[in-house]
Amino acid sequence: MVLAPVPSATARLAGIRRELRAAPPAERAARLRELAYSIRRSDLEMISRAGQGHIGGDFSAADIVTVLYFAVLDVRPEEPEWAERDRFVLSKGHAAGILYSALAHAGFFPEAELTTFLEPLSPLNGHPNRRKVPGVETNTGPLGHGFPVAVGMAVAAKLDGSSRRTYVLTGDGELQEGSNWEAAMSASQQRLGRLTVIVDRNRFQQGAATEETSGLDPLDAKWASFGFDVRAVDGHDYGALYQALSEERSLDDRPLCLIADTIKGKGVSFIEDRVEWHHKVPTAEQTAAALEELTAR
């Protein structure tokens, strides 16, 4: 089974992007926040229903994914293979739930399909599959694979002389995989100015803090030493995210690394900044309490 786009979704999403880009900063941030928390609620319900998922890492990335899909990316839900679309790669593929929720809200497939998450034969697997889910650019799951693929996409765009942009979201624990640094060397050598890597710096991975497992700091200096233009950004500040992700960059600029300071489980008080929620599933009572918090905030 392959999911199908929602009719007229492209026009709707393009309209939202135009409105957000034209809106005053405070109004834009408020609208993006509303969208992000709606996407979080859908994700929470998916994970609770399925009894599986990665809610902590989903929620730390939710604001980044929302800003990308609703204010930055030039994509067409009804034409997911449009050649000149911007590319987004979710390298931390275990956070598939937040990507599915964003894609459904953007119209790549009906929101009702989210109820099938992780069911037998559902296209909405625990890791995204580009052959089954429109809007997914490449299959991810094995950590350290998505970023190298995104570098290849950015190289292809440059060879085409295309202005399309490539964005990739990595986990910070994922950066312990050496393949990422090989890709970073290549991206710098190729001067992939239309490539942006976003690090979801929530400082946790499965079972422990990143710095306890294999320290990454000083992370900004590491990326800079690989030839990247490096910026730090609050990963939950919609205005700062919009400004950083929408910045116009030329084909021959240095590639950009945004180190997004995030909170694992952002949005629910009893999930935030707790390592056990990397792969923990809320009970029915916890789901109800979390939905109340996500609605009230």
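Along the sequence shown, residues are numbered consecutively beginning with 1.
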Donor-acceptor pair, Arg40 side chain versus Phe59 backbone, under 3.5 Å?
yes

Got a donor-acceptor contact below 3.5 angstrom from the Tyr100 side chain to the Asn125 backbone?
yes

Under 3.5 Å, side chain of Arg130 to main-chain N/O of Asn139, donor-acceptor pair present?
no

Closest non-hydrogen atom pair between Ala260 and Ile198, with its separation:
CB-CG2, 4.2 Å

So, the side chain of Asp253 versus the backbone of Ser250: is there a donor-acceptor pair under 3.5 Å, distance only?
yes

So Pro128 and Thr140, do their side chains get closer than 4.5 Å, heavy atoms only?
yes

Under a plain distance cut-off of 3.5 Å, with no hydrogens placed, do Ser269 and Glu293 share a side-chain donor-acceptor pair?
yes

Nearest-0.5 Å distance, CD of residue Glu113 to CG of residue Leu103
13.0 Å

Does either side chain, that of Thr262 or that of Asp200, offer a donor lying less than 3.5 Å from an acceptor on the other one?
yes

Value for CZ (Arg203) from CG (Leu219), rounded to nearest 0.5 Å, stands at 8.0 Å

His127/His94 aromatic ring centres below 6.0 Å:
no

Ile98 and Val168: same hydrophobic cluster, using ILVMFWY side-chain contacts below 4.5 Å?
no

Is there side-chain contact between Met185 and Gln189, with heavy atoms separated by less than 4.5 Å?
no

Using side chain to side chain contact (heavy atoms under 4.5 Å, CB included), reason through Tyr242 and Phe70 one step at a time and then give a plain yes or no.
CA-CA 10 Å; Tyr242 174 77; Phe70 292 92; over 6 Å; no

Within the 4.5 Å heavy-atom criterion, are Val136 and Asn129 side-chain neighbours or not?
no

Under 6.0 Å from the six-membered ring centre of Tyr167 and within 45° of its axis: does the NZ or CZ of Arg87 meet both?
no

A side-chain contact here means heavy atoms from C-beta on lying under 4.5 Å apart; do Leu294 and Val268 qualify?
yes

One pair to check against side chain to side chain contact (heavy atoms under 4.5 Å, CB included): Leu258 and Thr196. What are the steps and the verdict?
CA-CA 7 Å; Leu258 295 179; Thr196 297; 4.2 Å; yes

Output for pair (Ser163 OG, Arg249 CZ), nearest 0.5 Å, gives 15.0 Å

Determine whether a donor-acceptor pair (N or O, by modelled atom type, separation under 3.5 Å) exists between the side chain of Ser91 and the backbone of Phe147.
yes

Rounded distance [0.5 Å steps], CZ in Arg85 versus CD in Glu79:
9.5 Å

Go through the steps for Asn202 and Ile263 under the test side chain to side chain contact (heavy atoms under 4.5 Å, CB included), then give the verdict.
CA-CA 5 Å; Asn202 61 39; Ile263 297 172; over 6 Å; no

Output yes when a side-chain donor or acceptor of His236 lies under 3.5 Å from a complementary backbone atom of Asp63, and no otherwise.
no

With a 4.5 Å heavy-atom cut-off, do Tyr69 and Phe88 have their side chains touching?
yes

Donor-acceptor check, side chain of Glu84 to backbone of Ser162, threshold 3.5 angstrom: yes or no?
no

Going through the checks in order, is the salt bridge (Lys or Arg N to Asp or Glu O under 4.0 Å) test met by Arg201 and Asp217?
CA-CA 11 Å; Arg201 188 70 167 119; Asp217 284 330; 3.1 Å; yes

Both conditions, 6.0 Å and 45 degrees, for the charged tip of Arg274 above the ring of Phe270: are they met here?
no

Donor + acceptor pair across side chains of His145, Ser179 (<3.5 Å):
no

Under the side chain to side chain contact (heavy atoms under 4.5 Å, CB included) criterion, do Val233 and Ile259 qualify, and how do the steps go?
CA-CA 6 Å; Val233 65; Ile259 300 177; over 6 Å; no

Nearest 0.5 Å please: distance from the OG1 atom of Thr66 over to the OH atom of Tyr238.
6.5 Å

Spell out, as yes or no, whether a donor-acceptor pair under 3.5 Å connects the side chain of Thr287 to the backbone of Thr283.
yes

Report yes or no: does Arg194 contribute a side-chain atom to a donor-acceptor pair with the main-chain N or O of Arg165 at less than 3.5 Å?
no

If only atom types and distance count, is the side chain of Glu78 paired as donor or acceptor with the main-chain N or O of Ala9 below 3.5 Å?
yes

Looking at Arg231 and Asp229, does any basic side-chain N land under 4.0 Å from a carboxylate oxygen?
yes

Do Leu44 and Pro282 come within less than 4.5 Å of each other through their side chains, counting heavy atoms only?
yes

Just checking, is any N or O donor in the side chain of Thr213 or Gln176 under 3.5 Å from an acceptor N or O on the other one?
no

Parallel, tilted or perpendicular: which one describes the rings of Trp223 and Phe228, with boundaries at 30° and 60°?
perpendicular

